[in-house]
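Okay, here's the structure, questions in a sec.
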Amino acid sequence: MTVTIVGSQLGDEGKGRVVDLYGDAADVVVRYQGGDNAGHTVVEDGTEYKLSLVPSGVIRGKVGVLGNGCVINPETLFSEIDALRERGLEPDVRLARRAHVILPYHRVLDGIEEEAKSDSDRKVGTTGRGIGPTYEDKAGRRGIRIGDLLTPELLREKLEYVVPQKRALAENVFGVETGEAFDIDALYEQYKAYGERMKEDNMTVNAGDFISSRLDDGEEAIFEGAQGTIIDIDHGNYPYVTSSNPTAGGAATGTGLSPGVVGGGEVVGIVKAYLTRVGSGPLPTELGGVAGDTPGYDEQGTGENEDLAEYIREKGGEYGTVTGRPRRVGWLDMPMLRHAARVSGFTGIAVNHLDVLAGLDELNVGHSYELDGEEIFTMPATTERWGRCEPNFKTFEGWPEVNWNEVVEEGYDAIPENTRAYLDYISDELGAPVYAVGVGPGREETIVLTNPLE
Ligand code: GDP
Ligand code: IMO
Ligand code: MG
C-alpha cells in the first residue's frame, strides 16, 4: 500500500507534519522530487525538526529514500544527517543511484541568473539552492548522478566535460568571475569523498527495485512530495515555478514505480486553510503584499488588507523554512484547488492551519474568478491570464478561539460549527473527503478522521 502526499498550493502546506502523522504506520518514506529547496517541519513532543532533504519519516526511525526524481546536494545531506545524529536520531537514508547531484556551480549559476533577472519582473525568487540549473543539466544529458560519484574515473570524465561549459557560461554570457565552484580538481576531490562516504555507509540503491521489493514483502510506503502543485513545472504558474513535478505523476517517475502503483494507493492533497507564497508570480487572492516578491508592490504597494496579512503571517509563523523570507499571504483559492485535485486525483485531503484563522469575524474564499467578463472555476493555463483573474469571494462566518487540545480529544464533532462548514465546503468542491485537520503544529494537534495505512 502506498500513500502519496502532495502539496495542493504553493508549498509549505504542512506536508512534513502529515507525513509524520501517517509515518507511524509506514515502513519506508520516499521523497520523489526536489532537493534542499524544501523545508519540512515535524514537531514531536515540542521538539521542532526542519528537514530539507532527509525524508520526514526518519524522525520516527523509518527508512528514508531520496528517489531518482530528486536532486541531491551531498553537503546539505550529510550536514543534515550529522545534525540529526547529534540530536540522538539514527537516520537510515538511501539515495537513488539515478538521482542527480547538485554541484557548487549550480548554486552559483542559480544566483547569477536570478541577479540577471532582478531588474525586470522575470525574477522567480528561487531558494538559491541550484535546483533549476541541476534539472537543466539532467534534461541536457550532461548531469552527474549519485551513481557517478561511486566511480571516480567516471566522475572525473564528466566534470572535465561539463565544468568548462559552466565556466564559459558564467564568464562569457553573464560576465561573472568564477572561483573554486568551477575548479575541476577541487570538485573532483570533494565529490569523490562524498561518494566514498555513500559507499561506506551503504547508502545508494536502485530505488525502484528497493522500494518495490519492500512493497512486495507487505511493507507500507509514503511518497513525500515537496513544493506544491502551483509551482510544478508543468501544472504550475510557469515560469514562477520550481523545476520538478511535485504532483502525483511525479511520484511514479520519481520513485521508479509504475503509475498503477501510485494510483492504486491513496493520494492525499495537503491544503493550508489560507494561502502562502514565497517568491514572485501572481496571487489573485493575496492580502497585502511583500516587497520584492509581490508583482507591482515596490512601485505602488498593494495596501489593501495589509494588517490582516501581517496578522496571519505573525500568528502562523509564515516565514520561509529555508530562506527565512516573509511569506506572501492570501485567502484560500478554490480554482487553484480544483486544478490541483484534478491533476493529482486526490483520494482525500488534509487541511492544516485552521487554528491560525480562529478569532476572525469572517473570512473569504476565492470561489471563482472573473476573467474578461467571464466567470471561471479553474486556473487558466497561462500565467498572464491568471495574473488578470479577479476573485469572486464567498464569505464564511469566522470561528472562535477554542481550546484545540480539547477538540482533538473529543474528535471531529467538537470542531466549531463554522469551521466544519468551511471544511465541508472545501471537501464538497474537491470531491474528496477530509482525512485530517491540523489545529496546531504539533504531532498531537491533529484530528485524524482517516489514516490510510491503518
Ligand atoms: P511543508 O513544507 O509543507 O512541510 O510545510 P512547512 O513545514 O514548510 O510549513 C508549515 C509550517 O506550519 C511549519 O512551521 C509547521 O510546523 C506549521 N504547521 C503545520 N500544520 C499546522 C497547523 O495546523 N497549525 C499551525 N499553527 N501550524 C502548522
Ligand atoms: P516545501 O517542500 C515553498 C519556490 C521558491 C521559488 C520557486 C522556485 O517546503 O513546500 P527553486 O529554488 O525551487 O528553483 O525556487 O519555488 N519554492 C518553494 N516555496 N515551499 C517550498 O518547498 C519551495 N521550494 C521552492 O520560493 O518561488
Ligand atoms: Mg516548507
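We count ligands from 1, going down the list as the structure has it; atoms in each ligand are counted the same way.
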N or O pair under 3.5 Å between Asn37 and ligand 2
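Between Asn37 and ligand 2, an N or O pair is found under 3.5 Å apart.
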Indicate yes or no: does Asp137 engage Lys166 in a salt bridge with an N to O separation below 4.0 Å.
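Here Asp137 pairs with Lys166 in a salt bridge, since their nearest N and O are under 4.0 Å apart.
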Could you establish whether Gly316 and ligand 1 come within less than 4.0 Å of each other, counting only heavy atoms on the residue side?
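Per 4.0 Å heavy-atom rule, Gly316 does not contact ligand 1.
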Should Gln227 be listed as contacting ligand 1, given a heavy-atom distance under 4.0 Å as the test?
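No; Gln227 lies far enough from ligand 1 that no heavy-atom distance drops under 4.0 Å.
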For the residue pair Tyr422 and Phe396, is the inter-centroid distance of their aromatic rings smaller than 6.0 Å?
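Yes, they do, as the ring centres are separated by less than 6.0 Å.
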Less than 4.0 Å is my threshold; does some heavy atom of Gly228 fall inside it relative to ligand 2?
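So Gly228 does not count as touching ligand 2.
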Do ligand 1 and Gly11 have nitrogen or oxygen atoms that lie under 3.5 Å from each other?
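No, no N or O pair falls under 3.5 Å.
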Would you check the N or O atoms of Val278, main chain and side chain alike, for any that come under 3.5 Å of an N or O of ligand 2?
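Right, the criterion is met.
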Counting only heavy atoms, which portion of His40 has something under 4.0 Å from ligand 1: side chain, backbone, both, or neither?
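Within the 4.0 Å criterion, His40 contacts ligand 1 through backbone and side-chain atoms alike.
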Tell me which N, O or S atom from Asp12 is the closest to the Mg ion (ligand 3).
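Checking each N, O and S atom of Asp12, the shortest distance to the Mg ion (ligand 3) belongs to OD1.
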Counting heavy atoms only, which of Thr41, Val124, Ile270, Asp12 comes nearest to atom 3 (C) of ligand 2?
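Selected option, by shortest heavy-atom distance: Asp12.
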Taking a cutoff of less than 4.0 Å between a non-hydrogen atom of the residue and any ligand atom, is Arg277 in contact with ligand 2?
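No, Arg277 has no heavy atom closer than 4.0 Å to ligand 2.
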Between the Mg ion (ligand 3) and Gly39, is there an N, O or S atom separated by less than 2.8 Å?
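So Gly39 counts as coordinating the Mg ion (ligand 3), yes.
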Is the closest heavy-atom distance from Gly7 to ligand 2 below 4.0 Å?
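Heavy atoms of Gly7 never come under 4.0 Å of ligand 2.
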Protein residue, atom and distance nearest to atom 14 (O) of ligand 1, heavy-atom basis
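Protein heavy atom at minimum distance: Thr41 OG1, 3.8 Å.
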Within the structure, does Arg129 bring an N/O atom to less than 3.5 angstrom of an N/O atom in ligand 2?
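No, no N or O pair falls under 3.5 Å.
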Is the closest basic N to carboxylate O distance between Glu286 and Arg328 below 4.0 Å?
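Result for this pair is yes, salt bridge flagged.
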Tell me the contacting part of Val356 for ligand 1: side chain, backbone, both, or neither, using a 4.0 Å heavy-atom threshold, strictly below.
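Side chain only.
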What atoms of ligand 2 come closer than 4.0 angstrom to any heavy atom of Lys15?
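Here the atoms of ligand 2 in question are 1 (P), 2 (O), 10 (O).
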Looking at ligand 1, does Gly7 have a heavy atom less than 4.0 Å from it?
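Contact check Gly7 vs ligand 1: negative.
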Is Arg327 in contact with ligand 2, taking contact as a heavy-atom separation below 4.0 Å?
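Arg327 does not count as a contact of ligand 2 under the 4.0 Å cut-off.
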